K.L.:
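Sharing a structure with you now.
Since the model is a prediction, treat every value here as computed from it, not as a measurement. Along the sequence shown, residues carry numbers from 1.
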Amino acid sequence: MSEEDQKKRIEAGLERCRAIVPKKGRIVATIPRDGLSSALLLLKSEGFVHLSMISCVDWIEEGELELVYHLWSYQEKIHAMVKARIGRDQPYFVSITPIFPNAQTYERELHEMFGIHFHGNSRLIPLLLDHWQTTPPMRKDFELRQYARETFDVEERAQ
């Protein structure tokens, strides 16, 4: 099945979904946050059985975080990206571990690096950062130099 055929099936199966085919072997679907689980279930039933990554984009100016779920179809050799946005102020989202159990580690990393809480993921414990008490380090408003000065008592060198 071609990327265009898959795109049409995804859009037909999901309400309020916009999908594009930016290039051969790739589909990008944007959905409202409340449609994410349905989208992932549909894609999994369509052969996108491998969750290879979950990434996040901080749209600080828009007050949102965008979650990007990367799925792969071995049969069709297509990479599907499913995008959904959540608010930066209250970054809560549902865990997809019931659909893709390997999402647990990706959600754990996003929890630590962006401060997103995934309801249903019972292992949102530190992965890389111990005793972190400030703005999550991958957010655009994280002040690296201030953190270094406060944490390591580092003096800024004259430029």
Side-chain angles (χ1 to χ4, degrees), residues 1-60 62-140 142:
M1 184 179 306
S2 75
E3 293 85 348
E4 282 297 330
D5 291 337
Q6 283 283 17
K7 170 191 173 290
K8 288 175 187 169
R9 288 179 69 131
I10 292 166
E11 287 180 327
L14 297 170
E15 224 176 276
R16 301 175 293 148
C17 172
R18 293 185 341 260
I20 62 169
V21 177
K23 66 180 190 175
K24 184 170 176 37
R26 184 158 302 156
I27 298 171
V28 180
T30 303
I31 59 163
R33 67 182 285 159
D34 61 349
L36 178 72
S37 294
S38 298
L40 295 177
L41 284 168
L42 173 70
L43 285 165
K44 191 171 186 180
S45 74
E46 292 284 330
F48 291 89
V49 296
H50 180 78
L51 173 71
S52 58
M53 175 177 38
I54 306 171
S55 56
C56 184
V57 179
D58 186 355
W59 294 100
I60 191 169
E62 297 174 30
E64 295 179 323
L65 296 170
E66 182 176 62
L67 294 169
V68 184
Y69 294 80
H70 300 264
L71 306 174
W72 177 252
S73 169
Y74 292 102
Q75 182 178 354
E76 303 294 338
K77 309 275 188 282
I78 297 174
H79 173 199
M81 291 183 280
V82 180
K83 299 179 176 187
R85 290 191 179 197
I86 60 175
R88 285 182 97 250
D89 294 339
Q90 295 184 350
Y92 295 98
F93 209 58
V94 64
S95 174
I96 65 157
T97 55
I99 302 167
F100 292 102
N102 67 315
Q104 185 177 76
T105 302
Y106 301 126
E107 290 175 353
R108 192 172 160 195
E109 178 185 17
L110 292 173
H111 174 70
E112 190 168 43
M113 296 298 170
F114 287 91
I116 302 167
H117 183 79
F118 292 91
H119 293 293
N121 187 330
S122 61
R123 294 220 7 110
L124 296 179
I125 58 176
L127 182 65
L128 303 169
L129 307 174
D130 288 330
H131 311 294
W132 194 265
Q133 299 295 322
T134 185
T135 304
M138 294 302 288
R139 286 194 173 209
K140 287 184 178 177
F142 173 68

K.L.:
Any chance you could measure Ile116, atom CD1, to Gln90, atom CD, to the nearest 0.5 Å?
P.N.:
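Separation between the atoms: 13.5 Å.
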
K.L.:
Main chain of Thr97, side chain of Asn121: is a donor-acceptor contact present, judged purely on distance under 3.5 Å?
P.N.:
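Judged by distance alone, no pair lies under 3.5 Å.
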
K.L.:
Please round to the nearest 0.5 Å and tell me the distance separating atom CG of Asn102 and atom NE2 of His50.
P.N.:
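The CG atom of Asn102 sits 7.0 Å away from the NE2 atom of His50.
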
K.L.:
If we only count heavy atoms from C-beta on, is the Leu36 to Phe93 side-chain gap below 4.5 Å?
P.N.:
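A side-chain contact under 4.5 Å exists here.
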
K.L.:
Tell me whether the count of non-hydrogen atoms from other residues, nucleotides or ligands lying under 6.0 Å of CD in Glu11 goes above 12.
P.N.:
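Atom CD in Glu11 is crowded, with more than 12 foreign heavy atoms closer than 6.0 Å.
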
K.L.:
For the residue pair Ala29 and Cys17, what are the closest heavy atoms and their distance?
P.N.:
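Closest heavy-atom pair between Ala29 and Cys17: CB-SG, 4.0 Å.
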
K.L.:
Hey, are the side chains of Met81 and Arg26 touching, using non-hydrogen atoms and a 4.5 Å cut-off?
P.N.:
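With C-beta onward as the side chain, the pair touches.
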
K.L.:
Is there a side-chain contact between Tyr69 and Leu43 in this structure, where contact means two heavy atoms from C-beta onward sitting under 4.5 Å apart?
P.N.:
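Counting from C-beta outward, Tyr69 and Leu43 never come under 4.5 Å.
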
K.L.:
Where do Ile99 and Ser37 come nearest, in terms of heavy atoms and distance?
P.N.:
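In terms of heavy atoms, the two residues are closest at CD1-O, 3.8 Å.
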
K.L.:
Do you know the tightest heavy-atom contact between Pro137 and Phe142?
P.N.:
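The pair with the smallest heavy-atom distance is O-CD2, 3.6 Å.
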
K.L.:
For the pair Tyr92 (side chain) and Ile86 (backbone), establish whether a donor and an acceptor sit closer than 3.5 Å, ignoring hydrogens and angles.
P.N.:
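Absent.
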
K.L.:
Would you check if Glu66 and Trp59 make a side-chain contact, meaning some heavy-atom pair closer than 4.5 Å?
P.N.:
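Heavy-atom side-chain distance check passes, below 4.5 Å.
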
K.L.:
Please check this pair: side chain of Glu46 against backbone of Ile10, looking for a donor-acceptor N/O pair closer than 3.5 Å.
P.N.:
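No, Glu46 side chain to Ile10 backbone: no donor-acceptor pair under 3.5 Å.
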
K.L.:
Could you tell me if the side chain of Ile78 sits less than 4.5 Å from the side chain of Phe48, heavy atoms only?
P.N.:
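Phe48 vs Ile78: side chains touch.
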
K.L.:
How many angstroms lie between SG in Cys56 and CD in Glu109, if you round to the nearest 0.5 Å?
P.N.:
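If I round to the nearest 0.5 Å, the distance is 10.0 Å.
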
K.L.:
Show the numbers, then the answer: is there a side chain to side chain contact (heavy atoms under 4.5 Å, CB included) between His117 and His119?
P.N.:
CA-CA 6 Å; His117 183 79; His119 293 293; 3.8 Å; yes

K.L.:
What pair of heavy atoms forms the shortest contact from Arg16 to Asp34, and how long is it?
P.N.:
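Between these two residues, the closest heavy atoms are NH2-OD1, 2.9 Å.
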
K.L.:
Are the charged groups of Glu112 and Arg108 less than 4.0 angstrom apart, N to O?
P.N.:
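A salt bridge is absent here (no side-chain N lies under 4.0 Å from a carboxylate O).
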
K.L.:
So, the side chain of Asp58 versus the backbone of Lys140: is there a donor-acceptor pair under 3.5 Å, distance only?
P.N.:
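It does hold such a pair.
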
K.L.:
Please tell me if the side chains of Met113 and Leu128 come closer than 4.5 Å, counting only heavy atoms from C-beta onward.
P.N.:
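Yes; the side chains approach each other to less than 4.5 Å.
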
K.L.:
Nearest 0.5 Å please: distance from the CZ atom of Arg33 over to the CG atom of Leu65.
P.N.:
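It comes to 10.5 Å.
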
K.L.:
Could you tell me if the side chain of Arg9 sits less than 4.5 Å from the side chain of Leu42, heavy atoms only?
P.N.:
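No, their side chains stay 4.5 Å or more apart.
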
K.L.:
Measuring only between side-chain heavy atoms, which start at C-beta, is Leu110 closer than 4.5 Å to Met138?
P.N.:
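A side-chain contact is absent here, since even the closest heavy-atom pair is not under 4.5 Å.
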
K.L.:
Which distance, rounded to the nearest 0.5 Å, do you find between the NZ of Lys24 and the OG of Ser2?
P.N.:
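One finds 9.0 Å between NZ of Lys24 and OG of Ser2.
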
K.L.:
For atom CD of Glu62, is the number of surrounding heavy atoms from other residues, nucleotides or ligands below 6.0 Å larger than 12?
P.N.:
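Above 12, so yes.
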
K.L.:
Mind checking whether His111 and Phe118 have ring centres under 6.0 Å apart?
P.N.:
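No, ring centres 6.0 Å or more apart.
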
K.L.:
I'd like to know whether Leu51 forms a side chain to side chain contact (heavy atoms under 4.5 Å, CB included) with Leu40, so could you lay out the CA-CA distance, the side-chain angles of the two residues, the decisive distance to 0.1 Å, and finally the verdict.
P.N.:
CA-CA 10 Å; Leu51 173 71; Leu40 295 177; 6.0 Å; no

K.L.:
Minimum heavy-atom separation for Gly120 and Ser95, please, with both atom names.
P.N.:
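Looking at all heavy atoms of both residues, the closest pair is C-CB, 3.9 Å.
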
K.L.:
If I take atom CG from residue Leu41 and atom CG from residue Leu14, how far apart are they, to the nearest 0.5 angstrom?
P.N.:
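Spacing of CG (Leu41) from CG (Leu14) equals 10.0 Å.
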
K.L.:
Quick check against the 3.5 Å criterion: does Lys7 have a side-chain atom that pairs as donor or acceptor with the backbone of Val21?
P.N.:
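No; judged by distance alone, with no hydrogens or angles, the pair does not exist.
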
K.L.:
Using a 3.5 Å distance criterion without hydrogens, assess whether the side chain of Arg139 forms a donor-acceptor pair with backbone atoms of Arg88.
P.N.:
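Yes: the side chain of Arg139 pairs with the backbone of Arg88.
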
